[in-house]
**Q** 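Right, I'll just put the structure down here and ask away after.
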Amino acid sequence: MCNLATQFYLKMGQNSIYQGNISWQSPSNIALIKYWGKHGMQLPHNPSLSMTLSASSTKTTLYYKKKQRADKNIDLTFYFEGQASEVFEKRIASYLSSILKEFPFLCDFQLRIESSNTFPHSSGIASSASAFSAMALCIMGLKGIITGSINRDECYQQASYLARLGSGSAARSVYGGYTIWGEVKGMETYSDLYACPVQSDIHLEFQSFNDAILIVSGKNKKVGSSAGHALMEKNPFAQARYQQAMDHTIEMLKVLKSGNMNRFIEIVEQEALTLHGLMMSSEPGFILMKQETIDIMDRIRNFRETRQIPVAFTLDAGPNVHLLYPASSRKEVLRLINEELLHLCEKGRWIDDAIGNGPELFNE
Ligand code: PMV
């Protein structure tokens, strides 16, 4: 992770408090323990635990210029992958307006945000986590430039808080490695307001973990995550699920420390299937998996059982399958992907991703 304080001061050389730009590249993350169900201002009903990725990321640049005359409005233009985007602009402007109370300086500037993803368009990869994380870090960068100093830990914590208000899972993308968002019984460090890196040691086996993202469909989801979270309010299994997620989080912390691969696989797969079970048992119920999703999951389990190689699947809110495996099994897993799984992917597409170190600040 970069040394924030030093880098902000370096940037002060090029940027003034009147005009400048700040860029962050932030990765996406894959939840091992899923966040599904929220209340109040984007607060989770249960803790979630994720692995931050490295290849799938969003790069965002925030250009700022002091307004001639101050007013109380957000003045924003937004470009996505080089094109002006009214839809995103409206969503981001309303997000920035919603945080004005805590970040009033945002209406002192004309803002231009340029954002682009490293993963291909319509790959079905949720970009809100990486996008809101990168944007929140840019906003914290601007705050650092205006105030002239920034405390590294506070900066990340506030960025995670800010990212959460845009998209819950984005709170976790502010940090590299394994991250927890949400209060965990008996542990004071973890909070519903922001994410934190997992505090305990991580076993060597889990330090270099890979995620092959198998693209079953790049189409937009039929039910977005906001609508999905809302359906949890009346889901008859909600309370049992929140308890299960709490138990899984506490156990996963032990697993990551001890290196218990078998239990890791059991928990991760149960979490994925539970997430989709909750979708199916909502009212109305909905199905995001495709036939290929199920076929891929079956083949992953079969490969694990017959070859005794530790691989696990997980799913996000969509049909694509994340195949998680330790770096030590890469050769065999690449063969599995090429020989058995690629023909089930849309146009044979997959993303070769892995655990990453978290967001990076750019000096342009
Ligand atoms: O951050 P949201 O509101 O898009 O919710 C994401 C929820 C899941 O991706 C399904 C699970 C998770 O914890 O990332």
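Owing to the predicted nature of the structure, the values given are computational and were not obtained by experimental measurement. Atoms within each ligand, like the ligands themselves, are counted from 1 in listed order. Reckoned from all heavy atoms, side chains included, excluding hydrogens, waters and symmetry mates.
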**Q** Side chains of S167 and S128: donor-acceptor distance under 3.5 Å anywhere?
**A** yes
**Q** Closest by any non-hydrogen atom to atom 1 (O) of ligand 1: pick that one out of A317, S169, G224.
**A**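 The nearest heavy atom belongs to S169.
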**Q** Would you check if there is a donor-acceptor pair between the side chains of T58 and S130 at a distance under 3.5 Å?
**A** yes
**Q** For the residue pair D247 / Q243, report whether a side-chain donor-acceptor contact shorter than 3.5 Å exists.
**A** yes
**Q** Could you check whether the rings of Y175 and Y156 sit parallel, tilted or perpendicular, using 30° and 60° as the cut-offs?
**A** tilted
**Q** Take every heavy atom of H229, measure it against each atom of ligand 1, and state whether any distance is under 4.0 Å.
**A**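 Per 4.0 Å heavy-atom rule, H229 contacts ligand 1.
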**Q** Is there at least one pair of N or O atoms, one from Y35 and one from ligand 1, spaced under 3.5 Å apart?
**A**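 N/O-N/O distance below 3.5 Å exists for this pair.
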**Q** Less than 3.5 Å between some nitrogen or oxygen of K34 and one of ligand 1, yes or no?
**A**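 Such a contact does not occur with ligand 1.
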**Q** With heavy atoms of R172 as the reference, note each atom of ligand 1 found under 4.0 Å away.
**A** 12 (C), 13 (O), 14 (O)
**Q** Could you check whether R91 makes a cation-pi contact with F88, meaning its NZ or CZ is under 6.0 Å from the centre of the six-membered ring and within 45° of the ring axis?
**A** no
**Q** Suppose I only count heavy atoms of A31 and a 4.0 Å limit; which atoms of ligand 1 are within that range?
**A** 12 (C), 13 (O), 14 (O)
**Q** Does ligand 1 have an atom that lies less than 4.0 angstrom from a heavy atom of K38?
**A**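 Distance cut 4.0 Å: K38 fails for ligand 1.
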**Q** Select one of side chain, backbone, both or neither to describe which atoms of S225 lie under 4.0 Å from any atom of ligand 1, heavy atoms only.
**A** side chain
**Q** Number the atoms of ligand 1 from 1 as they appear, then name those within less than 4.0 Å of a heavy atom of G168, with their elements.
**A**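 What qualifies from ligand 1 is 1 (O).
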**Q** Using a distance-only test with no angle check, is there a side-chain donor-acceptor pair under 3.5 angstrom linking Y325 and E332?
**A** no
**Q** Compute whether any side-chain donor of one residue and acceptor of the other, for K66 and S16, lie under 3.5 angstrom apart.
**A**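 Distance-only check fails for K66 and S16.
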**Q** Please identify which atoms of ligand 1 are closer than 4.0 Å to at least one heavy atom of S167.
**A**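 So the atoms of ligand 1 that pass are 1 (O), 2 (P), 4 (O).
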